[in-house]
Protein chains: 2
Amino acid sequence: MKKTQKECPDTPTCSVDYAFKRIGGKYKGRILWYLHEHMILRYGELGRKVPDITTKMLTQTLRELEKDNLVDRKVYHEVPPKVEYSLTEVGKELIPFISYLKEWGDKQIEKTNP
Amino acid sequence: MKKTQKECPDTPTCSVDYAFKRIGGKYKGRILWYLHEHMILRYGELGRKVPDITTKMLTQTLRELEKDNLVDRKVYHEVPPKVEYSLTEVGKELIPFISYLKEWGDKQIEKTNP
DNA sequence: CTGTATCCAGGATGATACTG
DNA sequence: CAGTATCATCCTGGATACAG
């Protein structure tokens with residue numbers, strides 16, 4: 001049942017894996033959701049919205065989302081610097097699904113804490 | 001920007017986090033999808049469907065899904081033993097979203113490998 | 001303000017052996 | 001067949017300091 005690790009085996013569920021990797025991780029879901037709610041957020045604003053995230057993880061997560069073409073990064077070359085983040089078109093395609101997931105989560109939480 | 005870790009801060013996105021934790025992890029997405037495709041699968045069948053998973057991770061993942069009430073476990077007390085896994089009603093509610101995610105993944109993969 | 005760079009701890013996962 | 005147990009390893013994410 002075991003050989004070596006593969007990045008993405010050619011099974012029918014490969015795309016499930018692919019997608020999960022792109023939105024998995026500790027903060028990606030929330031960041032995408034906040035960007036959906038606010039359209040545009042600056043680096044510091046995002047940091048304040050995600051409780052207790054470190055600058056390291058905030059930057060790292062944003063870089064990954066950017067690399068996967070889910071988030072746009074717009075730099076204003078001013079002093080002090082200003083950077084705005086927003087969803088790309090591809091990123092926006094994920095919103096219906098995150099929305100669905102959020103509703104499901106709400107329902108489950110409600111069931112658990114009556 | 002940092003105090004201490006909380007399990008689930010009372011923010012509007014709490015439920016996004018909640019949901020992601022329940023379907024995150026390396027194998028949960030695929031296992032839920034396979035159970036959706038086949039309705040009922042035995043332990044060994046699942047193991048064969050998920051490439052390279054170890055018995056440890058298969059058992060552990062199934063136990064978590066069971067605990068979160070996403071998967072049903074039916075034991076037949078025979079020799080040799082037989083255990084069947086299937087989606088619960090709550091688990092089935094996640095299928096539309098995994099389905100959406102899968103289609104999105106397929107599209108992205110297609111774009112990347114033309 | 002918007003990050004980078006290190007170093008490190010802890011959790012998640014892997015390898016392997018064994019059992020009812 | 002369907003697991004459990006143990007030990008090893010990897011890798012995510014946390015703490016902290018510093019920079020343009």
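Below, chains carry the letters A, B, ... as their sequence lines are ordered, and counting in each starts from 1.
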Starting at atom [atom1] of [X], determine the distance to atom [atom2] of [N], rounded to an integer number of angstrom.
{"X": "B:Asp52", "N": "D:dC10", "atom1": "CG", "atom2": "P", "result": "17 Å"}
{"X": "A:Glu84", "N": "C:dT2", "atom1": "CD", "atom2": "P", "result": "10 Å"}
{"X": "A:Leu58", "N": "D:dG14", "atom1": "CG", "atom2": "C1'", "result": "14 Å"}
{"X": "B:Tyr85", "N": "D:dA2", "atom1": "OH", "atom2": "P", "result": "8 Å"}
{"X": "B:Lys26", "N": "D:dT12", "atom1": "NZ", "atom2": "C1'", "result": "13 Å"}
{"X": "A:Arg63", "N": "D:dG13", "atom1": "CZ", "atom2": "C1'", "result": "17 Å"}
{"X": "A:Ile53", "N": "D:dT16", "atom1": "CD1", "atom2": "P", "result": "17 Å"}
{"X": "A:Asp17", "N": "C:dT13", "atom1": "CG", "atom2": "P", "result": "12 Å"}

Would you say the side-chain atoms of [X] pair up with the backbone N or O of [Y], donor to acceptor, closer than 3.5 Å?
{"X": "B:Thr88", "Y": "B:Gly91", "value": "yes"}
{"X": "A:Tyr34", "Y": "A:Lys49", "value": "yes"}
{"X": "A:Tyr43", "Y": "A:Thr55", "value": "yes"}

Work out how much the helix from C:dC1-D:dG20 to C:dG20-D:dC1 bends between its end axes, five pairs an end, to the nearest 10 degrees.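 If I round to tens, the end axes sit 60° apart.
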Establish whether the base of C:dG3 is bridged to the side chain of A:Lys56 by a donor-acceptor pair shorter than 3.5 Å.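 Between C:dG3 and A:Lys56, which were checked side chain against base, a qualifying N/O pair under 3.5 Å is absent.
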Under the 3.5 Å rule, do the base of C:dT16 and the side chain of B:Thr54 count as making a donor-acceptor pair?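 Answer no: no donor N or O sits under 3.5 Å from an acceptor.
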Contacting residues from residues 64-79 of chain B, given that a heavy atom lies under 4.0 angstrom of DNA chain D: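 Within this stretch, B:Arg73 sit under 4.0 Å of the strand.
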On the 0 to 90° scale, with breaks at 30° and 60°, tag the B:Phe97-A:Phe20 ring pair as parallel, tilted or perpendicular.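 Ring orientation, 0 to 90° scale: perpendicular.
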Reckon [X] has a side-chain N or O less than 4.0 Å from the OP1 or OP2 of [N]?
{"X": "B:Arg42", "N": "D:dC1", "result": "no"}
{"X": "A:Tyr27", "N": "D:dG14", "result": "yes"}
{"X": "B:Tyr43", "N": "D:dT4", "result": "no"}

Please evaluate residues B:Thr61 and B:Val50 with respect to the criterion side-chain contact (heavy atoms from CB on, under 4.5 Å), reporting the C-alpha separation (whole Å), side-chain torsions for both, the decisive distance (0.1 Å), and the verdict. CA-CA 12 Å; B:Thr61 305; B:Val50 183; over 6 Å; no
Considering all heavy atoms of both residues, which atom of A:Val16 and which atom of B:Gly29 are nearest to each other, and what is their separation?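 Of all heavy-atom pairs spanning A:Val16 and B:Gly29, the closest is CG1-C, 3.9 Å.
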Between B:Arg42 and B:Pro81, what is the shortest heavy-atom contact and its length?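 Answer, listing the atom of B:Arg42 first, then B:Pro81: NH2-O, 3.6 Å.
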Between atom CG of A:Asp106 and atom CG of A:Leu101, what is the distance when rounded to the nearest 0.5 Å?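 Atom-to-atom, A:Asp106:CG and A:Leu101:CG are 10.0 Å apart.
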Proximal nucleotide (of C:dG3, D:dC1, D:dG3) relative to the B:Pro81 side chain: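 That would be D:dC1.
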Mapping B:Met57 and A:Glu45 to their closest nucleotides on DNA chain C, which lands nearer the 5' end?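 Result: A:Glu45.
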Salt-bridge present (B:Glu89, B:Lys92; N to O < 4.0 Å):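 Judged by the 4.0 Å cut-off on N to carboxylate O distance, B:Glu89 and B:Lys92 do form a salt bridge.
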On DNA chain D, nearest-nucleotide positions of B:Pro80 versus A:Gln60: which is more 5'?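 Per heavy-atom nearest nucleotide, the more 5' residue is B:Pro80.
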Hey, is CD on B:Glu110 packed in by over 12 heavy atoms from elsewhere, all under 6.0 Å?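 No - once you tally the heavy atoms of other residues, nucleotides and ligands closer than 6.0 Å, there are 12 at most.
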